[in-house]
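Contents: one structure, followed by commentary.
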Amino acid sequence: MSDTIFGKITRGEIPSEFLYEDEQCVVIRDINPQAPTHVLIIPRKPIPRLVDADAEDGALLGHLMLVAGRVAQDLGVGDGFRLVVNNGEGGGQTVFHLHLHILAGRTMAEGGLAAGLG
Ligand code: AMP
């Protein structure tokens, strides 16, 4: 399986500030924020895309969602944020190591999905 920058970050090979970490995932600030709050929840397991996850990854995917909610609350945006997963080139994915984006701090309601990311 090809390595990515997120593999190096989760393994600590590239120094990065973890806003949160546990045995299954890390949370970092996006280097090119698309909203005042823009963080990434990255599993340590390098699943390339969401469609590459299988049944045995169900608990991990659920864990990532729970972490997203807790981190959003810790960052003070628990009452209004958007959670985004880009899947594949056609979905705007650029780093092929599954991750969730938390976006908050600007209006998400206007513009529908197109206002989400990118
Ligand atoms: P995606 O387009 O869903 O694959 O999202 C990849 C995201 O990773 C983009 O929003 C990038 O700005 C972000 N990114 C890429 N490299 C880094 C890095 N070294 N540290 C933090 N965020 C990064």
Side-chain angles (χ1 to χ4, degrees):
M1 189 178 292
S2 63
D3 196 15
T4 69
I5 187 136
F6 289 173
K8 293 180 173 66
I9 288 172
T10 56
R11 293 193 302 271
E13 294 168 13
I14 294 177
S16 203
E17 182 192 353
F18 293 161
L19 303 184
Y20 170 88
E21 69 173 309
D22 62 28
E23 68 284 354
Q24 296 184 77
C25 68
V26 307
V27 179
I28 63 171
R29 291 197 186 279
D30 196 291
I31 201 169
N32 182 24
Q34 302 298 307
T37 297
H38 186 174
V39 304
L40 305 171
I41 298 107
I42 308 172
R44 294 187 189 275
K45 180 177 178 179
I47 301 166
R49 304 168 300 169
L50 181 62
V51 294
D52 298 313
D54 55 32
E56 73 175 22
D57 297 313
L60 172 60
L61 296 179
H63 180 71
L64 299 178
M65 297 278 281
L66 290 172
V67 168
R70 286 190 208 122
V71 167
Q73 287 194 300
D74 288 348
L75 293 173
V77 299
D79 286 334
F81 65 93
R82 177 168 286 175
L83 197 59
V84 172
V85 177
N86 295 324
N87 183 91
E89 285 179 17
Q93 186 174 2
T94 57
V95 179
F96 287 80
H97 178 136
L98 174 70
H99 51 281
L100 280 55
H101 297 253
I102 294 175
L103 295 150
R106 64 170 166 82
T107 302
M108 295 289 167
E110 295 171 14
L113 288 175
L117 183 64

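All values below come from the heavy atoms of this structure, side chains included, with hydrogens, waters and symmetry mates left out. FYI, the numbering just counts along the sequence from 1.
Put simply, OG1 on T37 and CZ on R106 are 11.0 Å apart, with the number rounded to the nearest 0.5 Å. One finds the CD atom of Q93 at 9.0 Å from the CG atom of L50 (value rounded to the nearest 0.5 Å). The distance from the CD1 atom of I41 to the CG atom of L64 is 7.5 Å, given to the nearest 0.5 Å.
For residues 8-17, the set of pairs meeting the salt bridge (charged side-chain N to carboxylate O under 4.0 Å, His left out) definition, not counting sequence neighbours, comprises D3-K8, D3-R11, R11-E13. Within the structure, side chain to side chain donor-acceptor pair (under 3.5 Å) contacts touching residues 68-79 (residues at least two apart or in different chains) do not occur.
Partners of D30 by side chain to side chain donor-acceptor pair (under 3.5 Å), not counting sequence neighbours, listed by chain and number: H38. Not counting sequence neighbours, H97 has no partner by the ring-ring contact (aromatic ring centres under 6.0 Å, His included) test. Listed by chain and number, the residues in a side chain to side chain contact (heavy atoms under 4.5 Å, CB included) with Q24 are D22, L60, H63 (sequence neighbours excluded).
Listed by chain and number, the hydrophobic cluster partners of F18 are I5, F6, I9, I14, V26, I28, L40, I42, V95, where partners are ILVMFWY side chains within reach of under 4.5 Å, directly or through others.
Checked by atom type and distance alone, the side chain of R44 pairs as donor or acceptor with a backbone atom of T10 at under 3.5 Å.
Taking all atoms of both residues into account, the shortest heavy-atom contact from F96 to G88 is CE2-CA, 4.0 Å. Between G80 and A104, the shortest heavy-atom distance links the atoms O-CB, 3.4 Å. Shortest non-hydrogen contact noted between P36 and G105 is CG-O, 3.3 Å. Between A68 and I102 the shortest heavy-atom distance is O-CD1, 3.4 Å.
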Donor-acceptor list for residues 51-58 side chains, cut-off 3.5 Å, not counting sequence neighbours:
unit_1 : atom_1 : unit_2 : atom_2 : d
D52    : OD1    : R49    : NH2    : 3.0
D52    : OD2    : R49    : N      : 3.0
D52    : OD2    : R49    : NE     : 2.9
D54    : OD1    : E56    : N      : 3.2
E56    : OE2    : K45    : NZ     : 3.4
D57    : OD1    : K45    : NZ     : 2.6
D57    : OD2    : D54    : N      : 2.9

